[in-house]
Amino acid sequence: FTSARLSNLKRHLKTHSDEKRYLCHLCPKAFRTATLLHNHVNTHTGTKPYKCSDCDTAFVTRGELSRHRRYKHTLEKPFKCTICEYSSVEASKMRRHIRSHTGERPYPCDLCSYASKDAYKLKRHMLTHTGEKRYECCVCRARFTQSGTMKIHMLQKHGENVPKHQCPHCSTLISRKSDLGVHLRNLHSYMEEAIKCSACEAVFHERYAFLQHKKTHRGGKGFKCAQCSYTCNQ
DNA sequence: CATCACTAGCGCCCCCTGCTGGC
DNA sequence: GCCAGCAGGGGGCGCTAGTGATG
């Protein structure tokens with residue numbers, strides 16, 4: 001370390017010792033400087049001196065306010081990705097983003113072969129080993145591993161007038177968008193290898209068309225119940 | 001020397017998205 | 001098809017530590 005000022009060098013030297021003479025009176029923590037202690041005590045008391053002028057949020061430190069303003073108001077993103085258009089407010093976000101390009105996974109799970117690109121994802125992954133379900137539905141008390149999964153549950157099970165997804169190729173209505181994706185892949189995607197009808201010469205490159213065609217061979221009779229007159233087509 | 005302004009860095013949790021496989 | 005589990009990419013904040021500059 002070098003500094004143009006002797007005073008700053010002296011201050012820097014203190015970082016090599018463990019001396020922390022500023023003690024918090026509300027918890028066991030100790031700090032090197034009065035300012036750090038002051039900020040820390042404010043986290044206990046909820047004192048937030050730095051108010052945002054554009055919304056009603058407030059922060060303990062000026063730095064937090066400054067970051068907040070970048071996220072919410074100035075939209076200034078100083079860190080630019082050299083590979084794509086992504087930019088971020090924080091350097092740590094850029095490092096995380098870069099891993100999506102490099103594929104680097106610095107956070108290995110010590111219980112399985114999984115490795116994560118970011119620390120929190122590893123933490124989330126570890127819940128799959130502990131079996132912990134920390135999210136509870138406030139209506140039916142069902143528990144979930146992730147908050148997002150619970151949100152979907154709340155919407156689908158307890159929501160009102162939940163919109164369904166209409167398949168663009170048939171009349172099927174599907175609750176979840178991702179299930180529509182599965183439906184499209186399974187039933188409406190083009191198959192290189194055609195399916196041949198076992199009852200006639202027809203061939204199909206789409207499973208849905210094939211299944212519809214198969215019904216025509218049932219002569220409208222469909223499936224008959226052996227016990228009564230009930231019939232159906234599926 | 002204390003203090004301000006600022007940056008850096010860790011962490012936490014959330015969001016949305018989309019796939020998987022059991023039912 | 002419904003459903004919960006679960007991973008990827010990302011936004012926003014909580015908090016602490018260190019440094020340049022100033023009074």
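In this text, all values refer to a predicted model and were calculated from it rather than measured experimentally. The figures here come from the full heavy-atom set of this structure, side chains too, leaving out hydrogens, waters and symmetry mates. Naming convention: chains lettered A, B, ... in sequence-line order (proteins, then strands); numbering from 1 in each chain.
At least one side-chain nitrogen or oxygen of A/R176 sits closer than 4.0 Å to the OP1 or OP2 atom of C/dC3. A close approach under 4.0 Å does occur between a side-chain nitrogen or oxygen of A/K20 and OP1 or OP2 of C/dA17. Dashed line: the shortest gap from a side-chain N or O of A/K121 to OP1 or OP2 of C/dG10 is not under 4.0 Å. Put simply, A/K151 has a side-chain N or O that comes within less than 4.0 Å of OP1 or OP2 on B/dC16.
A/Y107 comes within 4.0 angstrom of no nucleic acid atom, judged by non-hydrogen atoms across all strands.
Salt bridge present: A/R141 and A/E136 bring a charged side-chain N and a carboxylate O closer than 4.0 Å.
Between the CZ atom of A/R95 and the P atom of B/dG9 there is a distance of 5 Å, given to the nearest Å. Summarising the geometry, the separation between NE2 on A/H73 and P on C/dG11 is reported as 17 Å, rounded to the nearest angstrom. Look at OH on A/Y135: it is 8 Å from C1' on B/dC14, rounded to the nearest Å. Nucleotide C/dG12 holds its C1' atom 16 Å from the CD atom of A/E76, rounded to whole Å. For the pair A/I152 CD1 and C/dC6 C1', the interatomic distance rounds to 13 Å; values are reported in whole Å. A straight line from CG of A/L187 to C1' of C/dG1 spans 10 Å, rounded to a whole angstrom.
With hydrogens and angles ignored, no donor-acceptor pair under 3.5 angstrom links the side chain of A/R5 to the base of C/dT19. Side chain A/R99 to base C/dG9: no donor-acceptor pair is found below 3.5 Å. Within 3.5 Å, a donor on the side chain of A/T149 pairs with an acceptor on the base of C/dC6, or the reverse.
With B/dG9, C/dG1, C/dA7 as the candidates, the nucleotide lying closest to the side chain of A/Q146 is C/dA7. Minimum atom distance to the side chain of A/N8 is reached by C/dG20, of the listed B/dC16, C/dG20, C/dG8. You'll find that the side chain of A/R70 is closest to B/dT7, out of C/dG8, B/dT7, C/dT16. The nucleotide whose nearest atom lies closest to any side-chain atom of A/D179 is, among B/dC14, C/dC2, B/dA5, C/dC2. When distances are taken from the side chain of A/T145 to each of C/dT16, B/dC14, C/dC6, the shortest belongs to C/dC6. Listed candidates were C/dG10, C/dG9, C/dG14. Nearest to the side chain of A/R96 is C/dG10. Across C/dT19, C/dC3, C/dG12, the shortest atom-to-atom separation from the side chain of A/Y71 is found for C/dG12. Comparing C/dT16, C/dC3, C/dG8 against the side chain of A/R124 picks out C/dG8 as the nearest. Side-chain atoms of A/K123 lie closest to B/dC13 of the nucleotides C/dG14, B/dC13, C/dG12. Nearest to the side-chain atoms of A/R105 among the listed nucleotides C/dA4, C/dG8, C/dG12 stands C/dG8.
Just one residue in the list A/K133, A/R134, A/E132 forms a side chain to side chain contact (heavy atoms under 4.5 Å, CB included) with A/T130, and that residue is A/E132.
Rounded to the nearest 0.5 Å, atoms NE2 (A/H12) and OG1 (A/T2) are 9.0 Å apart. Distance check: A/L184 CG to A/H169 NE2 gives 7.0 Å after rounding to the nearest 0.5 Å.
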